[in-house]
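Remember, predicted model here, so these are calculated numbers, not experimental data. Here is how names work: the chains are called A, B, and so on, in the same order as the sequence lines, proteins then strands, and each is numbered from 1.
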Amino acid sequence: MSNAAFTRLPGFRDFVPEDLAVRSHIFEAWRRVSRRYGFQEYDGPPLETLELYVEKSGEEIVSQLYNFTDKGDREVSLRPEMTPSLARILADRSRALPKPIRWFSIPQLFRYERQQRGRLREHFQWNVDVVGESEVGADAEILAVALDALRELGLGPEAIRARVSDRRLLSALLQTAGVPEDRLLAAYAVIDKVEREPPEKTLERLQDEAGVTPAQAGEILALFQNPGLDRVADRFGDQEAVAAEVERLRDYFSILEAMELGDFVEFDLTIVRGLAYYTGIVFEIFDRAGELRAICGGGRYDRLLERVGGESLPAVGFGMGDVVLTELLRERALLPDLGRELDYFVVSVGDEARRRALQLAHRLREQGARVAYSLRGQGVRKQFKSAESEGAREVIVLGPEELSQGIARVRDMTSGEEREVQLEELERGP
RNA sequence: GUGGGCGUAGCUCAGUCGGUUAGAGCGCCAGGUUGUGGCCCUGGAGGUCGCCGGUUCAAGUCCGGUCGCUCACCCCA
């Protein structure tokens, strides 16, 4: 293999033109959709103080930070997620900004952990946030942005689905079912695993970790075995706290219905999300086949800004990574041909024609055309081969014959058709 | 962090029981006479067989370690 002296760091990627083209394809879709919804792009530094993450993100993230001590003896970390930076930035200036604040970013994020499929030490993540709006319309808008971007990339409701829950509802349900308030987080952790663990295990863990009786554990488990907002309403709707949360979620779903995105979304109480700062509606978007990790995850985090020392502002947002998304698009053959492309390749015959060809190329480039030619004298056959491999749509042939008539021969490389065009006309442009 | 699988050319892979100078296809470069690409023909470059050590007269092949990749677990941006 390669000379082992210089290797890429594990979990990091090179982007050769072919790969960068895929990345750009995705970024461009993200930016287009962001702007369509009226969001503005921002960025921050990739390196932050370690402190920014220690308490805000939860213990799980902290143990996987890509952190170190810098030369000024500062404890620093490459950013593992964007939200704390956003909170920090807004803490300074949110007061002066018109609300709601609608910002997006495409940061490169880092984590120090063993890489596996869909999970590297570095990735790009599209972050979209609405800050300063507590109503459910903001929650719906956020999910709509995420879904529209995926649609833009060719993923319809047959390919992906958004699973939505609400921490407030879950908390109300769990407390109604007997989970003490100080055990809620522990209960979330159990529920997060409901899909992947056998029911007996869940029952056991609910008793051990969430501190409920066997009967209560059974009741909680039943909630997840019979999902559906209506069922929840039927069973617990008489509880005021639960009823209010159910009502809000119904609003949320009806907004998405109105946006014609209803086919993508479903209520799913097992969606918890690991991050400690979520406070309301949370969601994750998955491929329907269920083969890949989550493509996107987000939710409401109403307390984070004040915790970072800013104004108390409600916020909702999501992150969508490039790694899993690229895998899914590749799997579904949704990546367009992103090869080299040239408008013209100029082929010249002889020295005099070559000089004229350089002038022609220069003028075409001034018009914005993508133009290339052989950088050294080569036979016509060879020049045509280069034109082919560089993806030229048309080849312009300039030789003594053409020069004497003031024309150029233009060959369409797809059809093979060739026509004569006045040089002046070519240089004047379209 | 724990466990499994895999490392031979840029890519996909072959390589017999351990035996001499490690192969193929694709790709790349050059040529097929300075007027026409795709197809075709000819030639070429490119490998310390991931790395280090061990066994052996002899290691791509067997053993140990290590690094990398990968899958699962843990966890989840």
Side-chain angles (χ1 to χ4, degrees), chain A residues 1-5 7-14 16 18 46 53 56-66 77-85 107-127 189 192-193 196-197 271-278 284 291-298 317-325 342 345-354 374 376-403 408-418:
Chain A
M1 293 233 109
S2 61
N3 182 336
T7 58
R8 217 182 323 111
L9 254 17
F12 286 81
R13 297 170 290 175
D14 293 320
V16 297
E18 192 182 303
Y53 305 110
K56 283 74 188 178
S57 302
E59 205 46 50
E60 326 79 53
I61 285 196
V62 171
S63 65
Q64 294 171 331
L65 287 176
Y66 208 117
S77 175
L78 288 166
R79 59 189 174 195
E81 53 164 340
M82 198 56 176
T83 308
S85 296
Q108 188 173 24
L109 305 178
F110 306 85
R111 303 194 72 181
Y112 197 90
E113 63 174 341
R114 196 146 152 186
Q115 64 162 321
Q116 53 185 293
R117 185 173 191 205
R119 221 167 169 206
L120 310 171
R121 284 185 172 178
E122 147 275 318
H123 73 147
F124 291 90
Q125 190 189 64
W126 181 37
N127 275 252
D192 197 27
K193 300 263 177 321
R196 281 166 288 168
E197 285 178 344
I271 295 300
V272 175
R273 310 264 317 134
L275 293 174
Y277 53 63
Y278 287 115
E284 294 190 339
E291 289 166 358
L292 305 172
R293 294 164 179 287
I295 301 163
C296 173
F318 70 81
M320 181 185 296
D322 70 316
V323 180
V324 174
L325 180 55
L342 284 177
F345 191 97
V346 184
V347 167
S348 58
V349 186
D351 287 343
E352 194 191 341
R354 181 167 168 78
S374 292
R376 53 176 169 156
Q378 282 180 316
V380 172
R381 174 191 177 81
K382 190 70 205 219
Q383 293 183 66
F384 263 89
K385 286 192 180 191
S386 297
E388 166 75 17
S389 69
E390 298 202 23
R393 295 191 324 197
E394 294 189 308
V395 167
I396 298 174
V397 182
L398 218 52
E401 290 170 26
E402 289 80 9
L403 274 190
R409 217 171 274 287
V410 179
R411 182 181 179 87
D412 182 309
M413 293 296 274
T414 308
S415 67
E417 277 168 32
E418 214 162 279

Shortest side-chain distance from A:Pro10, nucleotide among B:G68, B:G35, B:C74: B:G68
Distance between P atoms of B:G60 and B:G19 (Å, rounded): 10 Å
Protein-nucleotide distance (A:Tyr53, atom OH; B:A77, atom C1'), rounded to Å: 11 Å
C1' spacing across the pair B:C11 / B:G27, given as an integer number of angstrom: 7 Å
Set of residues satisfying salt bridge (Lys or Arg N to Asp or Glu O under 4.0 Å) with respect to A:Asp351, sequence neighbours excluded: none
Sub-3.5 Å pairs of nitrogen or oxygen atoms, protein against nucleotides 2-5 of chain B:
| residue | atom | partner | partner atom | Å |
| --- | --- | --- | --- | --- |
| B:U2 | O4 | A:Arg114 | NH1 | 3.2 |
| B:G3 | O6 | A:Arg114 | NH2 | 2.9 |

Sugar-phosphate only, base, or nothing, as touched by A:Gly298 at under 4.0 Å among non-hydrogen atoms: nothing
Side-chain donor-acceptor contact under 3.5 Å, A:Gln383 with A:Gln378: no
Spacing of OG belonging to A:Ser374 relative to CZ belonging to A:Phe345, to within rounding of 0.5 Å: 4.0 Å
Atom C1', compared across B:G64 and B:A77: separation rounded to whole Å: 38 Å
Distance, P atom - from B:G38 to B:C17, rounded to whole angstrom: 44 Å
Sequence-distant partners of A:Arg409, salt bridge (Lys or Arg N to Asp or Glu O under 4.0 Å), two or more places apart: A:Glu402, A:Glu420
Distance, P atom - from B:A9 to B:G5, rounded to whole angstrom: 22 Å
Consecutive-pair stems (3 or more, Watson-Crick or G-U, under 3.5 Å) for RNA chain B: B:1-7 with B:67-73, B:10-13 with B:23-26, B:28-32 with B:40-44, B:50-54 with B:62-66
A:Tyr53 OH to A:Thr83 OG1 distance, which is reported to the nearest 0.5 Å: 10.0 Å
Between the protein and nucleotides 37-40 of chain B, list every N/O to N/O distance that falls short of 3.5 Å.
| residue | atom | partner | partner atom | Å |
| --- | --- | --- | --- | --- |
| B:G37 | N7 | A:Arg411 | NH2 | 3.1 |
| B:G37 | O6 | A:Arg411 | NE | 3.3 |
| B:G37 | O6 | A:Arg411 | NH2 | 2.9 |
| B:G37 | N1 | A:Met413 | O | 2.7 |
| B:G37 | N2 | A:Glu388 | OE1 | 2.9 |
| B:G37 | N2 | A:Met413 | O | 2.5 |
| B:G37 | N3 | A:Glu388 | OE1 | 2.9 |

Nearest-nucleotide 5' precedence on RNA chain B, A:His123 against A:Tyr112: A:Tyr112
Which residues share a side-chain contact (heavy atoms from CB on, under 4.5 Å) with A:Leu109, sequence neighbours left out: A:Arg79, A:Pro107, A:His123, A:Gln125
Residue pairs, two or more places apart or on separate chains, that pass salt bridge (charged side-chain N to carboxylate O under 4.0 Å, His left out) and touch residues 380-392 of chain A: A:Arg340-A:Glu390
Among B:A77, B:C76, B:G35, the nucleotide that comes nearest once only the side chain of A:Arg409 is considered: B:G35
Interatomic distance at C1', B:U48 relative to B:U21, whole Å: 15 Å
Set of residues satisfying side-chain hydrogen bond (donor to acceptor under 3.5 Å, both in side chains) with respect to A:Ser386, sequence neighbours excluded: none
Sugar-phosphate, base or nothing in reach of A:Arg79, heavy atoms under 4.0 Å: nothing
Touch class at under 4.0 angstrom, heavy-atom based, for A:Arg13 against every strand present: nothing
Closest to side chain of A:Arg376, choosing from B:C76, B:G35, B:A30: B:A30
Rounded distance in Å between the C1' positions of B:U61 and B:C76: 41 Å
Those residues that, when tested against A:Glu401, pass side-chain hydrogen bond (donor to acceptor under 3.5 Å, both in side chains) (two or more places apart): none
Partners passing side-chain contact (heavy atoms from CB on, under 4.5 Å) against A:Phe12 (at least two apart in sequence or in another chain): A:Leu9, A:Tyr66, A:Phe110, A:Arg121, A:Glu122
Partners passing side-chain contact (heavy atoms from CB on, under 4.5 Å) against A:Ser415 (at least two apart in sequence or in another chain): A:Asp412, A:Glu417
Sugar-phosphate only, base, or nothing, as touched by A:Gly399 at under 4.0 Å among non-hydrogen atoms: base
Nearest-angstrom distance, P atom, B:G31 to B:G37: 15 Å
Euclidean distance, A:Arg393 CZ relative to A:Leu342 CG, rounded to 0.5 Å: 9.5 Å
Residues forming a side-chain contact (heavy atoms from CB on, under 4.5 Å) with A:Ala408, sequence neighbours excluded: A:Ile396, A:Leu398, A:Leu423, A:Leu426
Sugar-phosphate, base or nothing in reach of A:Glu113, heavy atoms under 4.0 Å: nothing
Touch class at under 4.0 angstrom, heavy-atom based, for A:Gln383 against every strand present: nothing
Distance-only donor-acceptor test, A:Gln378 side-chain atoms vs B:U34 base atoms, 3.5 Å: no
